[in-house]
There are 2 protein chains.
Amino acid sequence: MPYDEQPLRPLDQTEESLVRALAHVMMALPRLVDADMVGDGGLPLSEYTPLMFLSEAPHRRMRMSELATACNLSLSGMTRVVNRLEKQGFVQRAKCQEDLRGWNAVLTDEGLARLQEAWPAHLTSIRRHVLDNLAGHDLAALTAALERVATTP
Amino acid sequence: MPYDEQPLRPLDQTEESLVRALAHVMMALPRLVDADMVGDGGLPLSEYTPLMFLSEAPHRRMRMSELATACNLSLSGMTRVVNRLEKQGFVQRAKCQEDLRGWNAVLTDEGLARLQEAWPAHLTSIRRHVLDNLAGHDLAALTAALERVATTP
DNA sequence: TCTGTGTGCTTGTCGAGTCAAGTAAATGTA
DNA sequence: TACATTTACTTGACTCGACAAGCACACAGA
């Protein structure tokens, strides 16, 4: 796409390849992992992720807005995910005592059990698709770069 | 999440951080780039990408199924994207002469102009979010790794 | 204490993409 | 040639998530 006028240097071949590979990963990887997980553990990433964050939180509970931020979801999106999880008995809502406008999503015992059941499939999938393909790379440096990518305004 | 029995080694801290950073990128980056593009060029990635592939294809045309594969979309998803592009006049459908079941999506002059108009915003966004944050990394090695990640069965 | 403004979450409505079913043309088989 | 099967694409029905509007509570300032 030759096009000039501004001091906008087009991508060179190396950069172009990287961008396309990254685009491919972003489109394909969530589906690949989801397929592995529903094939085995039966829990899609969209539900696994919030259960995971809840399991790590104090008292296994988080405010809806915290959880939405952690999962990179809009607040309304989080509302609907938690609705699904609540219907399955994996999460309960509890009014937040310090601020009666707020709600906590609380991981139930059943939810924790479900998470532990899904964990092996998740771990296996992530190892196979991601970590096994990054052998020999400097993971810490890569992580730092990815964190910048995700947060550059 | 302690859990044993299998020879399933949990992720260590470095691996865990990398996986979460990658998850964050996958969730956030498409939205960031889209926001930049509609803010400026007015063309979301879901439409930019097929126009880009068409512009590079011989005679600016591709079969629906090729285009779907290139864009990592299902065939039915591609049908709908091309419907949108056709309504805007950026693409036309032309029956494939070698196989009358098939259709080509053909980039129009208007579509090419639109792509060139959107290109600077796209390039700027990609540089800022992605490439500028990968300075000092071995892009070729990273690309190879990402390609494996996206295609590991 | 009342009243206006801001915050936390949910709901209505919508766009986007997936899968399954349907249609038309190509290809194999008798 | 006739018929069954496969392939290329579209359509219908659905799920998921986003945004904007709405509701309930919090927290001023008078």
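Naming: A, B, ... by sequence-line order, numbering from 1 per chain. Every value quoted in this text rests on a predicted model; they were computed, and no experiment measured them.
For C:dC19, the base has a donor-acceptor partner in the side chain of B:Ser76 [N/O atoms by modelled type, under 3.5 angstrom]. A donor-acceptor contact under 3.5 Å links the side chain of B:Arg80 to the base of D:dG12.
Across the interface with DNA chain C, nearest-nucleotide mapping of B:Asp99 and A:Met64 shows A:Met64 to be the residue nearer the 5′ end.
Listed pair B:Arg31 / D:dG17 fails the phosphate criterion, with no side-chain N or O lying under 4.0 Å from OP1 or OP2. For D:dA8, neither phosphate oxygen OP1 nor OP2 lies less than 4.0 angstrom from any side-chain nitrogen or oxygen of B:Arg93.
With C:dA26, C:dG8, C:dT11 as the candidates, the nucleotide lying closest to the side chain of A:Arg63 is C:dG8. The B:Arg101 side chain lies nearest to C:dA25 when the options are D:dA24, C:dA25, D:dT10. Closest approach to the B:Ser46 side chain among D:dG17, C:dG17, C:dT11 is made by C:dG17 (side chain taken as heavy atoms from C-beta onward).
One can place CD of B:Glu86 at 12 Å from C1' of D:dT10, the figure rounded to the nearest angstrom. In this structure, A:Glu98 places its CD atom 16 Å from C1' of C:dC9, rounding to the nearest Å. One atom, NZ of B:Lys95, and another, C1' of C:dA24, lie 8 Å apart when rounded to the nearest Å. Taking atom CG of residue B:Leu100 and atom P of nucleotide C:dA25, one finds them 7 Å apart after rounding to whole Å. Computed from coordinates, the B:Asn72 CG to C:dA16 C1' distance equals 16 Å when rounded to whole Å. The distance from atom CG of A:Leu73 to atom P of D:dG17 is 6 Å, rounded to the nearest whole Å. In this structure, A:Met62 places its CE atom 15 Å from C1' of C:dG8, rounding to the nearest Å. Nucleotide C:dG8 holds its P atom 15 Å from the CG atom of A:Leu67, rounded to whole Å.
Among the heavy atoms of the strands lying under 4.0 Å from B:Ser65 are primed sugar atoms or P, OP1, OP2 only; no base atom is included.
Side chains of B:Met27 and A:Leu73 form a contact here, defined as non-hydrogen atoms less than 4.5 Å apart.
The terminal axes of the helix from C:dT1-D:dA30 to C:dA30-D:dT1, fitted over 5 pairs per end, subtend an angle of 10° to the nearest 10°.
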Working for salt bridge (Lys or Arg N to Asp or Glu O under 4.0 Å), residues B:Glu15 and B:Arg20: CA-CA 9 Å; B:Glu15 293 169 327; B:Arg20 296 203 185 192; over 6 Å; no
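Applying salt bridge (Lys or Arg N to Asp or Glu O under 4.0 Å) to B:Glu47 and the options B:Arg84, B:Arg80, B:Arg114 leaves one that passes, B:Arg84.
With sequence neighbours left out, the salt bridge (charged side-chain N to carboxylate O under 4.0 Å, His left out) criterion links A:Glu147 to no other residue.
Side-chain contact check for A:Thr124 and A:Asp36: no donor-acceptor pair (N or O, by modelled atom type) lies under 3.5 Å. In the model, B:Asn83 has a side-chain atom that pairs as donor or acceptor with a side-chain atom of B:Arg93 under 3.5 Å.
In this structure, A:Met78 CE and A:Ser46 OG are separated by 9.0 Å, a value rounded to the nearest 0.5 Å.
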